[in-house]
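Since the structure comes first, as structure tokens, the remarks are kept for the end.
The shown structure was predicted, so the numbers you read here are calculated from the model rather than taken from an experiment.
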Amino acid sequence: MKKVLFTLALAVALPLSAQQKPVYLDTAKPLEERVEDVLGRLTLKEKIALIHAQSKFSSAGVPRLGIPETWTTDGPHGIRPEVLWDEWNQAGWTNDSCVAYPALTCLAATWNPEMSMLYGKSIGEEARYRNKNMLLGPGVNIYRTPLNGRNFEYMGEDPYLAAHMVVPYIQGVQQNGVAACVKHFALNNQEINRHSLNVVVDDRALYEIYLPAFKAAVQQGKAWAIMGAYNLYKGQHCCHNEYLLNNILKSEWGFDGVVVSDWGGTHDTDEAIANGLDMEFGTGTDGLAKGTNNAYDNYHLAMPYLERIQKGKVGTKELDDKVRRVLRLAFRTTMSEGRPYGSMLSPEHYAAARRIGEEGIVLLKNANGLLPIDLNKTKKIAVVGENAVKMMTVGGGSSSLKVQREISPLDGIRQRVGDKAEVVYVRGYVGDASGEYNGVVTGQNLEDNRSPEELIAEAVEAAADADYVIFIGGLNKSAGQDSEDSDRKGLELSYGQDNVISALAKATKNLVVVNISGNAIAMPWVNEVPAIVQDWYIGSEAGDALASILMGDVNPSGKLPFTFPVKLEDVPAHSLGEYVGERNRQVQDVKYNESIFVGYRWTDKQKKVKPLFPFGHGLSYTTFAYGKPTADSKTMSADGALTVKVTVKNTGTRAGQEVVQLYISDKKSSLPRPVKELKGFRKVKLAPGEEKEIAFTIDKEALSFFDDVQYAWIAEPGKFEAIIAASATDIKGVVSFELN
């Protein structure tokens, strides 16, 4: 008989007399004093039990001392359904559905830290209600290649944007007494061969591109947990990597939380002991794989560790450090006095999911003001495409969810249009008719045996007399699309979608293409289509959020968190660096020859290569006018700061939000530097005719680069420019200044 998980943990010790009451129960005592009190009471075996899994998603507590178990849950877009104790299979609960929030690419596209705080608070409340004390998210790995199947779980290509969006998310989650576990540390930039790739990257790129968001998560967000990555760096797996975990994370940054292995990311007992791993989960895909009574005892940080201590091969210094971190986690979460109760599936959570989705949707193109749709002048709308009806909350890997509801784009459009116009739907193309992941089944029957030619003919016929044609396609969460453990084969759309779009473009002048994806796609039809909308995996409120943008109820304000290239060869990871796209279990190097020149940092320096859509791009239904930026001084001292101001005015007829972006350009440097780098952004809401002044403070940190010879951040005296922009290519004004 299979054992079903049980999440209720003992929160306090059994009653003790006043004389016996341990310090660790006295919440008035400092945290570290309480931790040391417990540490001194633990047996060696109890310490070992705390640092490795006891089930698929939990680790043991210490019942005799009232130390609770640790219960983790996959995020970062919603609370994963319960599974059986030792398996990925569903536990069969009927009350473990959740609200699906937008994927983190959508959150990043809001360019709004307030949305990040709302996101973290909301998902943290759901995790707390389900009695989890660690949420396995958010993810902040950098968008290096558009083929990475897991990009949809991350926050784009720019370290500054990711850093400033991850901090409020963490704070929102942890105010619920739930630890945010930031992942995947570090350099997890592709999914195929993720267990066997040894990343070769220079220290400048490591510190300037791939680490800043993690550093912000630790030092500003005060994250209580970090998850290691599957890949290798300097020849060691990242879940037990001396350089990343001990030298950088714990020593340089002062991280005092727990380092958690990704499930199956631990490979070596001695490295796991010495190189910074604190809690081991998922070693082997099945907890009972070795056929023993308790295979969890065979984990690297279980009996093998205990035996090494008992035989005198290793001491207990590292063990005590690991246990201290686990105890801090318990005191900060399950044993925290006044910890809120959380809530689940509330109207406020659905409203949050919708609002975040609306702010993240990006209007890429809108020729002749085709959008928003004017229902007063519309009799028929034709919706074409599988993604208009396909559920996107199931699939994609560990972020797959079991939702209470998911509003499809088609349903959202129909609900918003009501009886004001006819809405017809035709398939257009057949992608993936399946809909199941780890036992969660969508229940949709998407099978269609008609030929591509028949489907296109039907779509063209439906478009012939429609006032608007909305093609809704893109990627999905199947293997080889946007999905964990696999990458895309190329930049182009699958399932013959390009042919459908081109045929529709010939049939109507009023074509809107809605791309649902977490990645950039090629658009060979970009000049044939008047309106293009970048829609993301928005979750439970997907259809309503999209409909509100298409109909103009909400003015689009999202901006791209990564560059859309014209072709794959325009991406430096593929033109300069290495990408290992064929499956290979043998450890092999992947060289990041492009160094710091990722995304717009690369396209900025190319004379012949222009992006399809640049980083930071996003249109609106209203217009904004920028004034001339000014600075409060022409010079800046090394220990001082400079203030740059610019006015922005809504010159249109609709209320809207604009993202004002600040980039810094170093005009002369001893080391190669990008043409410009994002160092500030503000999202400002303006009524028609309203004008506001935006101020940015520039300090030494904004001017610095990492010198890999001195192993230090350096701000060299010289001339700089503060660039005010609406995207990486839409420059509104420049202010020159000098660092003394």
Side-chain angles (χ1 to χ4, degrees), residues 31-32 35-36 38-39 42 44-55 57-62 67-72 132-137 174 178-186 214 217-218 222-230 236-283 296 299-306 308-309 314-335:
L31 173 64
E32 294 306 314
V35 167
E36 292 303 318
V38 179
L39 187 68
L42 295 173
L44 180 58
K45 288 185 177 180
E46 287 171 339
K47 290 179 180 180
I48 291 292
L50 285 172
I51 63 172
H52 67 82
Q54 65 170 2
S55 77
F57 280 101
S58 74
S59 61
V62 185
I67 305 301
E69 300 165 329
T70 294
W71 280 94
T72 71
K132 312 299 182 183
N133 59 322
M134 186 188 298
L135 177 74
L136 303 176
Q174 293 187 168
V178 176
C181 184
V182 185
K183 60 187 188 183
H184 300 89
F185 189 69
F214 288 105
V218 169
K222 306 297 182 183
W224 294 335
I226 295 286
M227 179 185 288
Y230 281 131
Q236 289 181 340
H237 281 93
C238 291
C239 285
H240 34 78
N241 188 289
E242 169 74 8
Y243 190 72
L244 289 176
L245 301 181
N246 285 342
N247 295 359
I248 295 177
L249 180 65
K250 294 182 176 180
S251 296
E252 285 187 27
W253 298 350
F255 177 64
D256 70 351
V258 294
V259 173
V260 177
S261 73
D262 204 342
W263 271 234
T266 310
H267 300 271
D268 184 274
T269 300
D270 293 318
E271 287 188 5
I273 292 170
N275 292 352
L277 178 64
D278 301 313
M279 300 184 78
E280 179 185 4
F281 288 93
T283 300
Y296 299 102
Y299 276 29
H300 295 283
L301 292 182
M303 289 302 295
Y305 192 3
L306 179 62
R308 280 167 169 74
I309 294 174
V314 298
T316 59
K317 178 182 177 182
E318 293 88 354
L319 175 62
D320 285 348
D321 180 68
K322 299 176 195 298
V323 172
R324 284 188 182 97
R325 293 170 184 272
V326 176
L327 292 174
R328 286 190 198 109
L329 175 69
F331 285 128
R332 286 165 168 168
T333 59
T334 322
M335 298 186 74

Donor-acceptor contacts, no H, no angles, side chain residues 178-185, under 3.5 Å, sequence neighbours left out:
| from | atom 1 | to | atom 2 | distance (Å) |
| --- | --- | --- | --- | --- |
| K183 | NZ | L136 | O | 2.9 |
| H184 | ND1 | Y154 | OH | 2.7 |
| H184 | NE2 | R150 | NH1 | 3.4 |

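Annotation: the span from N247 atom CG to N275 atom CG amounts to 9.0 Å, rounded to 0.5 Å. Remark: E280 CD to C239 SG distance equals 9.5 Å, nearest 0.5 Å. Between the NE2 atom of H237 and the OH atom of Y230 there is a distance of 10.5 Å, given to the nearest 0.5 Å. One finds the CD atom of E318 at 11.5 Å from the CG atom of D278 (value rounded to the nearest 0.5 Å). If you take SG on C238 and OH on Y243, they are separated by 12.5 Å, rounding to the nearest 0.5 Å. The line from NE2 of H300 to CZ of R308 is 9.5 Å long, rounded to the nearest 0.5 Å.
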| task | Quick one: do W224 and V258 satisfy side chain to side chain contact (heavy atoms under 4.5 Å, CB included)? Show the steps, please. | result | CA-CA 7 Å; W224 294 335; V258 294; over 6 Å; no

| message | side chain to side chain contact (heavy atoms under 4.5 Å, CB included) for Y305 and I309? Distances and angles first, verdict last. | response | CA-CA 6 Å; Y305 192 3; I309 294 174; 3.7 Å; yes

| query | Does the pair R325 and D321 meet the rule for a salt bridge (charged side-chain N to carboxylate O under 4.0 Å, His left out), with working shown? | reply | CA-CA 6 Å; R325 293 170 184 272; D321 180 68; 3.0 Å; yes

| CA sep, side-chain torsions, deciding dist, call: M335, I67, side chain to side chain contact (heavy atoms under 4.5 Å, CB included) | CA-CA 8 Å; M335 298 186 74; I67 305 301; 4.0 Å; yes

| said: side chain to side chain contact (heavy atoms under 4.5 Å, CB included), that's the test. Do I248 and F214 meet it? Break it down for me. | reply: CA-CA 11 Å; I248 295 177; F214 288 105; over 6 Å; no

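Side-chain N or O atoms of N133 include none that pairs as donor or acceptor with a backbone N or O of T70 at under 3.5 Å. Listed for the Q174 side chain is a donor-acceptor partner under 3.5 Å among the backbone atoms of K222. With hydrogens and angles disregarded, no donor-acceptor distance shorter than 3.5 Å links the side chain of T316 to the backbone of L319. Although no hydrogens or angles enter the test, the distance criterion places no donor-acceptor pair under 3.5 Å between the side chain of D262 and the main chain of A229. Side-chain atoms of K47 do not come within 3.5 Å of backbone N or O of K322 as any donor-acceptor pair.
Inter-residue side-chain proximity for M279 and V326 is flagged as met; some heavy-atom pair is nearer than 4.5 Å. Here the side chains of R332 and L31 are in contact, with some heavy-atom distance below 4.5 Å. Side chains of L301 and T266 form no contact here, defined as non-hydrogen atoms less than 4.5 Å apart.
Residues N246 and A274 approach most closely at ND2-O, 2.8 Å, considering heavy atoms. For the pair Q54 and Y296, the tightest heavy-atom approach, listed with the atom from each and the gap, is O-CE1, 3.2 Å. When all heavy atoms of F281 and T72 are compared, the pair lying nearest together is CZ-CG2, 4.2 Å. The two atoms that bring L39 and L327 nearest to each other are N-CD1, 4.0 Å, heavy atoms only. The shortest heavy-atom contact between L50 and A60 is CD2-O, 3.4 Å. Among all heavy-atom pairs drawn from L277 and S261, the shortest one is CD1-N, 3.4 Å.
Below 30°, between 30° and 60°, or above 60°: for Y299 and H52 the angle between ring planes is between 30° and 60°, a tilted geometry.
Checked options K250, M227, H240; the residue passing with V259 is K250 (criterion: side-chain contact (heavy atoms from CB on, under 4.5 Å)).
Scored by the side chain to side chain donor-acceptor pair (under 3.5 Å) test, E32 finds R328 as partners (sequence neighbours excluded).
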